Every structure is written in structure tokens, then in C-alpha cells.
Trainee: 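Submitted below is the structure of interest, expressed as C-alpha cells.
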Amino acid sequence: MNRYNFKVVEKKWQDIWEKNKTYKSSFNKNKKKFYCLEMFPYPSGKIHMGHVRNYTIGDVLSRHKILQDYNVLHPMGWDSFGMPAENAARENKLDPKVWTEKNISVMKNQLKMLGLSIDWDREISTCSQEYYKHQQDFFLEMYEKGLVYRKENYVNWDPVDETVLANEQVIDGKGWRSGALVQRKKLNQWFFNISKFSEDLLTELDNLSSWPNKVKSMQKNWIGKSFGCEIDFKIEGNKDVKSIRCFTTRPDTLFGFSFLALSVDHPISKYFEDDDKFIAFKKECSKTGTTEESIAHGEKIGFKTNLTAINPFDERKKVPVFFANFVLMDYGFGAVFGCPAHDQRDMDFAIKYNLKIKTVVKPNNEDKNFKVKDKAYTEGGEIINSEFLDGFKVPEESIIKTINIIEERKLGKKKINFRLKDWGVSRQRYWGCPIPIMYDETGKPHPVPKDLLPVILPENVNLETKGNPLDYVKDWKMIEYKGEKYKRETDTLDTFVDSSWYFLRFCSPNEKSYGYNQDDIDYWMPVDQYIGGVEHAILHLLYSRFFMRAIGYKKDSFKFIEPFDGLFTQGMVCHETYKDKKGNWLRPDEVDTKDGKNYFIKNKLNDIVRVGPSESMSKSKKNTIDPEQIIQNYGADSVRLFILSDSPPEKDIQWSEQGMVASYKFIQKLWLLHEEIKNRINDKSNNTEAENKLERFINETINKFDYNLEKFNYNVLIASLHETYNFLNSFLKNKINGQILLKNYLKILTILSPIIPHFATECFESLGVDKTPNWPEVDKNRIKTDIVNYVVQINGKKKGIIESKHNIDEKDLLDQITNDKSLGKIIKGKKIEKSFFVKNKLINILIK
RNA sequence: GCCCUCGUGGUGAAAUUGGUAGACACAAAGGACUUAAAAUCCUUGCCCUUUUGGGAGUGCCAGUUCGAGUCUGGCCGAGGGCACCA
């Protein structure tokens, strides 16, 4: 008997697929299309298990759709701009381009080892000129349309590295590389006007019916729509300041107004710039840092001004104006009215500065003397102590009625605010797409003219500089155009821009004149199924949705707006973590165990290893498993099978060597079964009963596959594959007609082929079938049976199972139960009050 | 603090959506084969009963229903997202 040699078989089919371009996709209007896309990888060096999981899930779907005769687009590319290349290049004295290209070639090979149904002719790489030059076109188009602008903004500035840091690069207020205290610095930056589309980005979420609710609600929170009104407060104490505008969602609490708070960056702060105390206060505020954490636990501090604000509903009432550290300049108007009784932040502030606390809302179960003490009351109820607002129900009528009054009296107006901020895309880095802008001698920005496009990133740049290396490339930075001197923009684009339209490029990877070809995207877009990690739930997906709107803005030819019709977010791959006695992390291959409980360092029985919780695989915790090694040991099909087993794809999965071995063994067992079946395809016997049983089982299995494929329950597919094996293995004890066996077996091979494609194709070939058959249809007539097992419940409790005829009616079944030996005993002599009958499934008899 | 998701054996999990709870697999224990081990195969898996059988049981407490893992309300616990957003 032959052992199944995965090494030979997998290589053989991968070569054939590559040579024949089996998975090449082409435009074909006569065929239904299916665009299956997985988030493309960053070429960091080697693929990791997360990639294996992501691409295996996509591959199963893709192959399934191919067998259902869809025209499938399943491409792959590289998100190849970004910081790691720059850092790695600095460490290894390599050019980022060389480093990146080397990684791509290694990883491409590794992906091929997995046997993915990728159309490699469509491969793209975002760091190539052929890609980013089109991105510059999009940038300039957006600039023309007014969707790109330049503005001063606060950033996290690392004074040692002289660079801007992303929020996640700031740890405890210090730069992650330099360790220097991060400063808040104002810098001119380019912005995409994503907030222009806030309303549309929010409402269209409701139409994305195949997106996980979790992702939709995360985006909803991020966009953060709130309904309220803007109010102008008259100001006294400075003749140049007549009024200050505030945004509020609770205008109905205006009678509880006890102070007005401003952001330290509010325009009015200019009147205080000579005040040493104010400068000290502002410094104190910036010390609390820009990180979210420091804000969350930070104490509320304020700076009292000589100004007073007047309550628009009662001009006799005047309250102090403060600068306060908890007011943000980039939300609303950078100014809030404080109502301590009904807002906890305002309450904290009021207690600290001894401000008035006036209760204006009472809960329904309290009387009009209800008083808030030191905890703000923010629930519903009724307005009190508020003159003409008294009696309004909170919140269902109080807010809208108050806004109406405010509008009537021309004190302000209704206003909807969004939390979503414009997208800052400038990065002070070398390895990214150059921003196609140049500045004249007065510093005014101009789009780079067409005949100077694309702006090509210079090569062989010295990276050992402070700040952005491009600033030092003088012959690139300084240009002359039509006799005028210009300086180039040296900032490059955030790499999220690169990934905001790559799915369009896959439709027309060779289009020279523009980023995409209209006919191609009309046919292929939107992506039918997008698959990737949940860590991109907000930014990448939101930016891509924005980009489609921005490209389509003022462009009639562009028909769709949502790039991803279906979205699936897969879970992470986890592994136990290990530490030695000193607390150093250990790799899984450095530890060993004899009993599965106590671990020690390999070959050193006395060096005890502490086993930590299973966590997402990461290099820093050393709990990674190298996919290439695993493929070498067990084969691609085994890895694919294991990575889909046990856990549903959207949940985290535990890597286990034992599970891996089990999957490997299962394929070996399938091969033995295959050999056995192959030996029997010429058997001539007739056995109707067995044949019916076989047909029924196979059709039920196909049915189960269809159901679970649709729902991404790939773990259940694997379970049902095991059941199929167990069934066939024992079924072969029967005598059976070889052709009927073969017919059904081919269906099983077809439905398992998306999961373990090398194995399936090899089996087909050994049976003389040269092309994988189309996905089998379920024969509903074959699932029906003459005999049904009815569950018999008595007074709601299961008492047994009884065999009966298909579609039997209730009365006949009751008769049968009454006459049954053991079940009849229970009923005998009792009165049947009522019975509930579920056809072909169950009967519940109520007796007394 | 706000929002979302999830609680089922020793473990990962099924349960076609209100109708046989624990499919399938991992681990464990016992057994068969073997001189032995590995591999393979079989059995077991809560409580009571020698067996036949009976009972409890899906985080906890109530409710709806002939019937609840599934629906409703409350509580407890875990994970994730956002977080001074006015």
C-alpha cells in the first residue's frame, strides 16, 4: 500500500497550476463574477500563521466559487511602503527597496507553498512607481476638488529623533525609540477632508448587511454623531469679545449653567498670552500629555479669567469663564457651558473651584425639591427650576423643545456634530509615496505640474539623519520650473492611503494611463468578500470607504460607493507562552514535556519552564510557529486542514502540535480510504438498501457543506469531513456496486477540494478524472427516507425514540406509541390530555 | 464611565435558529494486538442502580411556552472597542 507523499504531490500540482495559469482570471461579461480579497500583507520578511489562516479562509471560499462556475478574481499584492523597511534598512545598512524586494520574493514563495488559488499575474506592490504614480493623480484630483487641504495641527513630536510619532508610538509620554519626553507641537500637515462624508459614511453602514455588527458599531462610535445645538453666550469683561459659541447636546439644562469653560487653544487665549500665570497654566496642561491614558486619569484643572458669561435665558445671571484642560479644541467650538448637576465632568470641576450646583432635572420618582449633591444626575425625568422649561419630559421632549425656543429667540440653532476628524496624511518619513506638491519662494503650495509627474522617490538616500531623510536630498528637493525656483514637499503619505484603493488596482493592474480602468471596475467591483483581521475594523476600512467617495466625488462615471460588499474578520492564532526561571521568553521549540503538565528546557530536565497563558503569536513573546517549517514537516494540506479545524474562523484559535499531527494523520487515513475505494470501482454487486443509505448520507453531507460554507462555519465542515470518513470506512464493509460508490465518492472529493486541494486533485487524477467536477447539487429526493426516528416526549420529557413511517400522521403515531412495549407502559391507563406533533421529528404527549 | 460581543464536559467546540444537548476532534483512563514499546483499533467519561432503568444538567435567579443552550427581564463573570466628544 502506498503512503501518501505530500512532498511530491504538492510540489507537482503547484508547478502544474503555475505553468497552466490555472487561476488566471479575465474580464468576461457573460459570466457571473466573484471578487474574493484578503487584506494584503506587509512584506516584513516571512509569512506568519495569521497570514496562513487569513489566506486559507479566502482560498476555501475562492475555490468553492470557482467550482460553482463563478468568474473568480482572487489577487495578491504587497503593502510595501512603511516604517519597518526604513528601520530595518537603518539597522542592516541596506536600501529599503532592496530589503523590501527581498522580503517579497521570500514571502511570495511561501504563499505559493500553501497552494493558494491566486492570480499572480495581477500582483501589485504599493512601493513601485507603477502603483504610487496613480496615487499621486488621485491626490491631485482630490486637491482640485477641495478634498485636500493644509492646516496647522498638534502632533506628538519626538525632539531627539526630530520626527512625528503616531499615538501608539508614544509610551508613557515618551518616544518609543528615543525615550525622550514627547512634546505637543504645531506642524503644518496635509489633510483629507473625510469629515465631509461623515453623515454618508454613517448612514450607509446600515446597508452593509454582510458586515459583522461589531465592526459596524465600532465605526458608528468612531464617527460619533451627536445631536444638539450651538448657543452664543454674551461675554463681559473684554470689549473685543462680544460672545462665545458653544456646542451642547443638553440645551435643556441651560438654567443649571454655572461656568463657561474654554480650551487653552481657543482663539480667545490670545488675550492672555502676556499673562505669566496663563502661560504656566497652559504648560501644565500640555504636560498632562496627548496620550489618551494620561487624559483619562488626569485631574481637571482650570484657569479663571476676568470674563463673565451671561445666561441667554436670563440675562441677570452671570457666571465666570475658565480655561480648562478637559475642553478639546478640535471638537465643537472648543468651548462648553458647564452644568455641574447633570454632567459628571462639570461636577468634578465645580467641586474643585467651588462653583454653584443647581439642579434642573429630577427623576420621575422624586418631587420638586430633589437636589443633586456630589454625583451628577444624567438620567431621564422632568425639568424643574427652569421657568418656561419646567415640566418637559427628559429627554424625549426637553431637548427638542428647548432648541425650538432657542431658535425662536435667535440665541443659537440646531446642530449636528461628528467626532470624526479629518485624516492627517503627512508623514515625515522617507519610505512612502511622495506628496506631489511643491512650494514657491513665498512658501505657497502648488500642485506638481503634469509634465513633472510622477514624483519619483529618490534612491540611495542617506538614512542616518535626524528627521526626514528626504529633507537632506538637496538635488531632489530643489527644482526649477519655467524659470521659477521651488522646493518639494518632503513629507510622504501615510501608508493607509496606499491600501485605500489597492482593490481597484487589482481590477486593472496593467492600466498605464490611470489608477483603474472604468470597464474593469464596473465589472469586478465591489469586492464580494473581503477577509482580514479585526484590527483594521476602523481605520483601514473607513479610509477605503472614504476614498471611494472622494474618487467618485464630482465624477459621474463612478457608480458604486461601498468598496466591500461582504466583510469577514478572522480571529488570531494563539500559542502558549513560556518563560525560564529568570523570566526570559522561550520559543516553543526550546521547551519539552513528558506529561503535558510540567515543562522543562529541552534536554535539561531540571530547568523548569513557567507556562504562561496562550496569547496571540508575536515575535516579542517568542511564541511563534514558523509556517514554512510546518509545511515542510506536514504539508500544506495538513496545515490548511488544521488551521480551519476546531475553532470557528472569527474566533481566536489555539495552535497545537497535537492538533497539527492529527490533521496530518487524517489525510493519511483519507488516502488509505481512497486506495480502498479505487480498488472497488469495478465491483459488480447490487445492494439497493446500502446504495440508498450511501446516497442519503452523501446528499446530507453536501447539504451540510452548502449550509456551513455560506455561514463561514469552516470548523463544522471539517467535522463533517471526519464523519464522512467514519461513515465510508465502515460502509465499505457492505457489498456495493462500484460505479455507484465512485459516483458518490467523486462528489465528496469535490466538496473537500477547496480545503485540501493538492490531495483532492491527486485523487481525481488517480481515478482518471482530469478536471475537478463542478460543485454537486443536493438531490433532495435522496435525503428523504421511508423511515423516521421520532422523539417521544411525555409531559415535556424525552422518554424514547420510536421508528416510524415518513409523513405519518399524528393519530397513527399515537397508536403506534400506545402499542409500543416500553413507551406503551408509560401511557397505559393514563388519560391523554393533549399532544403536540412536529412532523417527522417529535411528539410531545401530555398525560394525567 | 459609555458601547459591543460572549459564558455549553478536562480542552477546542457542535446543536440548520424554539423540538434528541455535548456532533466532530484534542487530552485522559481502561482494554485488545505486541516479548516490549511505538503505531493502530475498541470502550469509558455527572449522580443513583449489579443490569434493565431513573435523575440532575448549557454562568446565576425569575418569566413566557406543551417544550428554552436558543426568547424576555434582572444579576454575576470574561473579552473587545471608545474614552474629559460637552
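Note that the coordinates shown come from a computational prediction; the quantities given were computed from them, not determined experimentally. Just so we're on the same page: letters track the sequence lines, and every chain starts at 1.
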Trainee: Whole Å only: how far is the CG atom of A:L641 from the P atom of B:rC24?
Mentor: 16 Å
Trainee: Work out how far the C1' atom of B:rU58 is from that of B:rA13, and round it to whole angstrom.
Mentor: 13 Å
Trainee: Counting side-chain heavy atoms from C-beta on, which of B:rG19, B:rU20, B:rA86 comes nearest to A:V838?
Mentor: B:rG19
Trainee: Please measure how far the P atom in B:rA56 lies from the corresponding atom in B:rC3, and state the result in whole Å.
Mentor: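 Here B:rA56 and B:rC3 have their P atoms 39 Å from each other.
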Trainee: Using the C1' atom as the reference point in each nucleotide, state the distance between B:rA36 and B:rA23 in Å, no decimals.
Mentor: 37 Å
Trainee: 5'-most contact on RNA chain B: A:F337 or A:K798, nearest heavy atom basis?
Mentor: A:K798
Trainee: Could you tell me how far B:rC2 sits from B:rC75 if I compare only their P atoms? Round to whole Å.
Mentor: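 One P to the other, the span is 12 Å.
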Trainee: Once the angle between the rings of A:F727 and A:F731 is folded into 0 to 90°, is it parallel (under 30°), tilted (30 to 60°) or perpendicular (over 60°)?
Mentor: parallel
Trainee: Kindly say if A:R419 contacts the phosphate of B:rA83, meaning a side-chain N or O under 4.0 Å from OP1 or OP2.
Mentor: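 Answer is yes, contact under 4.0 Å.
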Trainee: Could you label the plane-to-plane angle of the A:Y790 and A:F837 rings as parallel, tilted or perpendicular, counting under 30° as parallel and over 60° as perpendicular?
Mentor: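 Parallel, since the angle between the ring planes stays under 30°.
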Trainee: Does A:T305 have any side-chain hydrogen bond (donor to acceptor under 3.5 Å, both in side chains) partners at least two apart in sequence or in another chain, and if so, which?
Mentor: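 A:T305: no side-chain hydrogen bond (donor to acceptor under 3.5 Å, both in side chains) contacts found.
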Trainee: Look at all strands and tell whether A:K415 reaches a base, only sugar-phosphate, or nothing, counting heavy atoms closer than 4.0 Å.
Mentor: nothing
Trainee: Using the P atom as the reference point in each nucleotide, state the distance between B:rG77 and B:rG22 in Å, no decimals.
Mentor: 31 Å
Trainee: Could you work out the separation of B:rG9 and B:rC24 based on their C1' atoms and round it to a whole Å?
Mentor: 14 Å
Trainee: Inspect the contact between A:K282 and A:E284 and indicate whether a charged nitrogen and a carboxylate oxygen are less than 4.0 angstrom apart.
Mentor: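 Looking at A:E284 and A:K282, the cut-off is not met.
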Trainee: What integer distance in Å separates A:Q793:CD from B:rU65:C1'?
Mentor: 12 Å
Trainee: Do A:L411 and A:D232 come within less than 4.5 Å of each other through their side chains, counting heavy atoms only?
Mentor: no
Trainee: So, A:K704 and A:E723, do they make that salt bridge, N to O below 4.0 Å?
Mentor: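 Yes, charged N to carboxylate O under 4.0 Å.
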Trainee: To the nearest Å, give me how far apart NE2 (A:H342) and C1' (B:rC84) are.
Mentor: 19 Å
Trainee: Applying a 3.5 Å limit to both distances, which nucleotide forms a Watson-Crick or G-U wobble pair with B:rG73?
Mentor: B:rC61
Trainee: Which base, if any, makes a Watson-Crick or G-U wobble pair with B:rA32, both distances under 3.5 Å?
Mentor: B:rU40
Trainee: Could you label the plane-to-plane angle of the A:H674 and A:W671 rings as parallel, tilted or perpendicular, counting under 30° as parallel and over 60° as perpendicular?
Mentor: parallel
Trainee: To the side chain of A:T248, which of B:rA86, B:rC26, B:rC84 is closest?
Mentor: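 Nearest to the side-chain atoms of A:T248, counting from C-beta on, is B:rA86.
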Trainee: Between B:rA86 and B:rA78, how far apart are the C1' atoms? Round to whole Å, please.
Mentor: 32 Å
Trainee: Tell me the interatomic distance from A:W655, atom CH2, to B:rA25, atom P, rounded to whole angstroms.
Mentor: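 Those two atoms, CH2 and P, are 19 Å apart.
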Trainee: Does B:rG12 sit syn or anti, given that only angles within 90° of 0 count as syn?
Mentor: anti
Trainee: Tell me the interatomic distance from A:K225, atom NZ, to B:rA86, atom P, rounded to whole angstroms.
Mentor: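 So the NZ-P distance, A:K225 to B:rA86, works out to 14 Å.
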Trainee: Hey, is A:F326 stacking on B:rC84? Ring centres under 5.5 Å, planes under 30°.
Mentor: no
Trainee: What does A:D343 touch in the nucleic acid at a heavy-atom separation under 4.0 angstrom: a base, only the sugar-phosphate, or nothing?
Mentor: nothing
Trainee: So which nucleotide from B:rA86, B:rA27, B:rC66 ends up closest to the side chain of A:N844?
Mentor: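 The answer is B:rC66, which lies nearest to the side chain.
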Trainee: Figure out the CD1/P separation between A:I718 and B:rC26, and round it to whole Å.
Mentor: 13 Å
Trainee: Over how many whole Å does the gap from A:L842 atom CG to B:rG18 atom P extend?
Mentor: 15 Å
Trainee: Indicate, with a heavy-atom threshold strictly under 4.0 Å, whether A:V327 touches base, sugar-phosphate, or nothing.
Mentor: base
Trainee: Quick one: do A:K651 and A:D646 make a salt bridge, cutoff under 4.0 Å?
Mentor: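 Salt bridge between A:K651 and A:D646, a charged N being under 4.0 Å from a carboxylate O: no.
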Trainee: Using 30° and 60° as the class limits, which term best fits the ring planes of A:F568 and A:F712: parallel, tilted or perpendicular?
Mentor: parallel
Trainee: In terms of ring plane angle, is the pair A:Y353 and A:F322 parallel, tilted or perpendicular, where the classes change at 30° and 60°?
Mentor: tilted
Trainee: Report, as a single string ordered 5' to 3', how protein heavy atoms within less than 4.0 Å touch nucleotides 39-46 of chain B: B base, S sugar-phosphate only, - not at all.
Mentor: -SS-----
Trainee: Of the nucleotides B:rG81, B:rU16, B:rU20, which has the atom closest to the A:Y707 side chain?
Mentor: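 Taking heavy atoms from C-beta onward, the closest nucleotide is B:rU16.
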Trainee: Which nucleotides of nucleotides 2-14 of chain B have their base under 4.0 Å from a protein heavy atom (B), which only their sugar-phosphate (S), and which neither (-), written as one string 5' to 3'?
Mentor: -S--------BSS
Trainee: CD1 of A:I538 versus C1' of B:rA83: gap in Å, rounded?
Mentor: 12 Å
Trainee: Between B:rA21 and A:K797, is there an OP1 or OP2 to side-chain N/O distance shorter than 4.0 Å?
Mentor: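 The answer is no; no side-chain N or O of A:K797 sits under 4.0 Å from OP1 or OP2.
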Trainee: Looking at A:D252 and A:R250, is any side-chain nitrogen of the basic one under 4.0 Å from a carboxylate oxygen of the acidic one?
Mentor: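 A:D252 and A:R250: salt-bridged.
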Trainee: Take A:S720 and A:K704, find for each the nucleotide of RNA chain B with the closest heavy atom, and name the residue whose nucleotide sits nearer the 5' end.
Mentor: A:K704
Trainee: Can you tell me the base-pairing partner of B:rG1? Count Watson-Crick or G-U wobble geometry only, both distances below 3.5 Å, and say none if there is no partner.
Mentor: B:rC82
Trainee: Which is true for A:L846 with a 4.0 Å heavy-atom rule: it touches a base, it touches only sugar-phosphate, or it touches nothing?
Mentor: sugar-phosphate
Trainee: Would you call the rings of A:F257 and A:F233 parallel, tilted or perpendicular if under 30° counts as parallel and over 60° as perpendicular?
Mentor: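 Judged by the thresholds at 30° and 60°, the geometry between A:F257 and A:F233 is tilted.
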Trainee: Have a look at A:S835 and say if it touches a base, only the backbone sugar-phosphate, or nothing, with a 4.0 Å heavy-atom cut-off.
Mentor: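 No contact.
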Trainee: Considering only the P atoms, how many Å lie between B:rC6 and B:rA15, rounded to the nearest integer?
Mentor: 14 Å
